[in-house]
Amino acid sequence: MKHDKVMNIAKKRGFLWSSFEIYAGVAGFYDYGPLGAILKNSIINKWREYYVVREGFYEIESPTVMPEEALKASGHVDNFTDPMTECKECLEVYRADHIIEEVIDKEVEGLTNEELTAMIADEEIGCPKCGSQLSRVWNYNLMFQTLIGAKGKKTGYMRPETAQGIFIPFKRLLRFFRGKLPFGVVQIGKAYRNEISPRQGVIRLREFTQAEAEIFVDPRDKTHRKFHEIKDNTLKLYPAEIQMNEGEPIEVSAGEALSKKIVSSQMLVYQLYLASEFLDEIGIPDDVIRFRQHLPTEMAHYAIDCWDVEVKTEKYGWVEIIGIADRTDYDLKSHTEHSNEDLRVFLEYDEPKQIKKLAVKPNMSKFGPSFKGDAPKILKALEDIDAESVRQSIENEGLFKLEISGNSYELLPEHVNFEEVDETVRGEKIFPHVIEPSYGIDRIIFSVLSHTFTEDKENEREYFRLPWDIAPVEVSVFPLLNKEELVKIALQINDDLRLDGFIAEFDTSGTIGRRYARSDEIGVPFAVTVDHESLEDNMVTIRNRDTTEQKRIPISDISEVLDSLMNYWIEFEDL
RNA sequence: GCAUCUGUAGUCUAGUCUGGUUAGGACUUGGGCCUUCCAAGCCUACGACCCGGGUUCAAAUCCCGGCAGAUGCACCA
C-alpha cells in the first residue's frame, strides 16, 4: 500500500516518527525529524507568504497554557466535553446523551450530568450490549488540565485552539489596526486535545500545530476588496444540501458560488479560493481536494457557515485539513460578557445622522438631595437606558425603578424632565464578525507527502515530487567517482552552496546511481555532479529530480541557476 | 475505554507449537576495493528477541501484567 511506503520512508529518512519510541511511544504524539522539521518550516513560511505578506494580516504569539476563566468564556470548559457512562458489567463506555436520546427520542443537550444520570435511572436505560446497569455520568473534557503556580491553586488548560489567543487581546489588536475593519490576525502554534483514542497516525494528534487567521469584519459588509480578481476561478464545492440528497460535488466559479447563495459571503468564498491556491502551491493538486460544507447538525454552535477543505487520502478517505468558518460575533460577545471589557468596535457612518431623540434631563436640584452619594452612579446608568421606557414608566406608574449592583432606586417625576433633542450620531458600536480559516499543519504535511509521493515503476524509483521551493534538502552534490581530485571539487562546491544559503548535501557513499536514488527518495530537486571533464572545463552536470534529465553548467553559475530554478524564474529545460 | 490479533537490528524475515551452542539470513546503512552518470559486484563493520514479573538448572520460546500497533465497537469542537 502506498500509504505504508510513504510512512516507512518518512520514518526511515527522518521526516516523521512517533514520539517517545524507546519508552514504547504514546498514542497521538509525533516527532518531526531533521527533514520533517525543515519541511514543516517551509510550509509554514509559505503560509506566512500567503496570509501575512499577501493578505496583510499580522501574526501574534500567545501562551499555550491558558487560565480557566478564558476557556470558560470561550465555552471550552463546559462544552469541549462529552458526558460518558460505563456499563458496570461489560465495562463498555458510551456517550450518555446519545444513549438516552436513542431511547426517549428527545434532545437532551445542555442537561447536567446529574440530570442525565437521573434520566438513565428513571427510564431504566441499560447497557445496549448486555443490558446491565450503567454507571453515573461523568464529563470527559478533551482539554489537558494543569495547575498554574507553586501552590497550584489556579487551574489552567493547554489551549485547544490558537484562535482564543487572538480574541482575548482584541482591544489591543483593534488599537494596533487603528480601529478600522476589516483586519486580520494570525497565529501559528501548538494546540492540544486529549483525544480518547487517537489512532490515525498523524491525522489525529493530541498535540498538533495550527495556523489560524481570524479576520474581523463588519457584519453588514462581508465583501472582499479583491473579490473581482478571483471570481472566475472554479472551486469543487460539496454543499450541505447536495450531501443530504447524496449528490456529487459540483464545480462552480467563485462568483457563482456567491450569486447562487451556495456560500454565504464574498469573504468566505475568497478564503476558500485562497486555501486552494495555497494547497496547489505546496503540491496538493486541485483534483484531490474538495470543499465540504458542514451540515446544519454538525455546525458548531457559534458558526453560521462552515466549509471543510478535505483532501482525498488512500488510507483514511476524505480528511479535513482546513476549516473555514464564519464564527460570527460569538467569541467576542462571550469574552465581553465574561471579562466586562467592551470588545465592540465603533463604526463611523459615512454621513453623521441627525436624529430626534427623547432625552432624560435630570433635575439636579432634586436629584442630588434625594440620592446623595449614589447620584453619579444613577446618572451614569440612566445614560444607557432608553428614555422612552423611563417616560412611560413614570407616566403610567408614577415612578421608575432601576437597580444598580444590587441596590434599588426609585425615580419620581420630580427627579427628571424629558426633552426632544437633536442629536448627531456619528456611528455605532458593534461586535465584528469573524471569518476564520484554520489550517491543520500536521495533516497538511501528511497530505503533501502522500500526494507528492511518486512511484516510477519503469525506472524503479520512488520519490517525493515536492515543489522545488519546499523540499527540505535543496541540492545534492556528488563526485561522479570517489576519486580525490573530484571529491575535492565537489566538497568545495558543497561548502560554497552552503555559504550561499542553500541546504546542500554531499555524498560519496556507493555508486552514483545509488546516490541519485537516495537523493530522489527525500525529494531533493537537483543534483550537481562533478566528473573528470569538470577538471578541464570547470563545468558540472545538474540533474532534474523529476525527469532525471541533465544539463551542463559552469561551476561559477551554480548558485545563480539554483536560485532562478527555486523561484520558478526559469525552467530547467531552458538551461 | 472494550474485544480480537500481532510485537526478533533501520526494513523484511528464520527460530516460538516441542524451552537447551555464540539468535541465522536478505536488504539498508558506515568504511574500503572496483567503477567515466542512475540502487551492479567484491571485502569489511555496526546493528535485534517491546517492557516488567513469574515458572524452570535453563525463557525469544511457557504463564501473568503492562505498553504499542492493526482491525472491529465506541468516541471524534
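Per chain, numbering begins at 1; letters A, B, ... match sequence-line order.
Rounded to whole Å, the distance from CG on A:Leu205 to P on B:rC75 is 22 Å. As rounded to whole Å, 17 Å separates atom P of B:rU28 from atom CD1 of A:Ile522. The nearest whole Å value for the distance from the CE atom in A:Met7 to the C1' atom in B:rG10 is 16 Å. Computed from coordinates, the A:Ile9 CD1 to B:rU29 P distance equals 13 Å when rounded to whole Å. Protein atom CD of A:Glu484 is 12 Å distant from nucleotide atom P of B:rG32, rounded to whole Å. For the pair A:Glu195 CD and B:rA77 P, the interatomic distance rounds to 9 Å; values are reported in whole Å. A:His3 has its NE2 atom 14 Å from the C1' atom of B:rU71, to the nearest Å. Rounded to an integer number of Å, the gap from CG of A:Asp331 to C1' of B:rA77 is 12 Å.
A salt bridge links A:Lys5 with A:Glu455; the closest basic N to acidic carboxylate O contact falls under 4.0 Å. Between A:Arg206 and A:Glu195 there is no salt bridge, since no side-chain nitrogen of the basic residue lies less than 4.0 Å from a carboxylate oxygen of the acidic one. Remark: A:Lys12 engages A:Glu521 in a salt bridge, criterion side-chain N to carboxylate O under 4.0 Å. Salt bridge A:Lys2/A:Glu314: absent, no basic N to carboxylate O contact under 4.0 Å. Salt-bridge annotation for A:Asp520 and A:Arg543: present, with a side-chain N of the basic residue lying under 4.0 Å from a carboxylate O of the acidic one. A salt bridge does not link A:Asp308 to A:Arg290: none of the charged side-chain nitrogens sits closer than 4.0 Å to a carboxylate oxygen. In this structure, A:Arg159 does not pair ionically with A:Glu161, as no charged nitrogen and carboxylate oxygen lie closer than 4.0 Å.
The backbone N or O of A:Ala240 sits less than 3.5 Å from a side-chain atom of A:Gln293, completing a donor-acceptor pair.
Of the candidate nucleotides B:rG10, B:rG30, B:rU71, B:rG30 has the atom lying nearest to any side-chain atom of A:Ser509.
Between B:rG52 and B:rA14, the distance separating the two P atoms is 25 Å to the nearest Å. Distance check on atom P: B:rU6 versus B:rG15 gives 15 Å, rounded to whole Å. Taking the P atom of each, B:rC73 and B:rU21 are spaced 45 Å apart, rounded to whole Å. Taking the C1' atom of each, B:rC17 and B:rA59 are spaced 15 Å apart, rounded to whole Å. For B:rU8 and B:rC51, the P atoms lie 11 Å apart once the distance is rounded to whole Å. B:rC46 sits 15 Å from B:rG10 when the P atoms are compared, rounded to a whole Å. To the nearest whole angstrom, the two C1' atoms, one in B:rC12 and one in B:rA58, are 31 Å apart. Nucleotides B:rG53 and B:rU11, compared at atom P, are 25 Å apart to the nearest Å.
Counting heavy-atom neighbours within 6.0 Å of A:Gln145 CD, excluding the residue itself, gives a total above 12.
In this structure, a donor-acceptor pair under 3.5 Å is present between the side chains of A:Tyr463 and A:Arg465.
If you check B:rU35 for Watson-Crick or wobble pairing at under 3.5 angstrom, you find it has no partner at all. Remark: B:rU18 base-pairs with no nucleotide in the shown strands. Criterion, Watson-Crick or G-U wobble with two distances under 3.5 Å. Base pairing analysis places B:rA26 opposite B:rU11; the two distances defining the Watson-Crick or G-U wobble pair are each below 3.5 Å. With a cut-off of 3.5 Å on both Watson-Crick or G-U wobble distances, the partner of B:rU6 is given as B:rA68. Pair assignment for B:rU55 gives none, since no Watson-Crick or G-U wobble pairing has each distance under 3.5 Å. Applying the Watson-Crick and G-U wobble criteria (two distances, each under 3.5 Å), B:rA77 pairs with nothing in any strand.
Within 4.0 Å of A:Lys315, counting heavy atoms only, lie sugar-phosphate atoms of the nucleic acid but no base atom.
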**Message:** Generate the contact string for nucleotides 42-49 of chain B. Rules: B means base contact, S means sugar-phosphate contact only, - means no protein heavy atom under 4.0 Å.
**Reply:** --------
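Scanning both residues, A:Tyr32 and A:Leu16, for their nearest heavy atoms gives CE2-CD2, 3.5 Å.
The residue among A:Lys12 and A:Arg193 whose nearest nucleotide of RNA chain B lies closer to the 5′ end is A:Lys12.
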Can you give me the N/O atom pairs linking the protein to nucleotides 35-40 of chain B at distances under 3.5 Å, or say none if there are none?
{"residue": "B:rU35", "atom": "O4", "partner": "A:Asn482", "partner atom": "N", "Å": "3.2"}
{"residue": "B:rU36", "atom": "N3", "partner": "A:His532", "partner atom": "ND1", "Å": "3.2"}
{"residue": "B:rC37", "atom": "O2", "partner": "A:Tyr516", "partner atom": "OH", "Å": "2.5"}
{"residue": "B:rC37", "atom": "O2", "partner": "A:Gln550", "partner atom": "NE2", "Å": "2.9"}
{"residue": "B:rC37", "atom": "N3", "partner": "A:Tyr516", "partner atom": "OH", "Å": "3.4"}
{"residue": "B:rC37", "atom": "N3", "partner": "A:Gln550", "partner atom": "NE2", "Å": "3.3"}
{"residue": "B:rC37", "atom": "N4", "partner": "A:Asp531", "partner atom": "OD2", "Å": "2.9"}
{"residue": "B:rC37", "atom": "N4", "partner": "A:Thr541", "partner atom": "OG1", "Å": "3.0"}
{"residue": "B:rC38", "atom": "O2", "partner": "A:Arg543", "partner atom": "NH2", "Å": "3.2"}
{"residue": "B:rC38", "atom": "N3", "partner": "A:Arg543", "partner atom": "NE", "Å": "2.8"}
{"residue": "B:rC38", "atom": "N3", "partner": "A:Arg543", "partner atom": "NH2", "Å": "3.4"}
{"residue": "B:rC38", "atom": "N4", "partner": "A:Arg543", "partner atom": "NE", "Å": "3.3"}
{"residue": "B:rC38", "atom": "N4", "partner": "A:Thr548", "partner atom": "O", "Å": "2.7"}
{"residue": "B:rA40", "atom": "OP1", "partner": "A:Arg514", "partner atom": "NH2", "Å": "2.3"}
{"residue": "B:rA40", "atom": "OP2", "partner": "A:Thr511", "partner atom": "OG1", "Å": "3.2"}

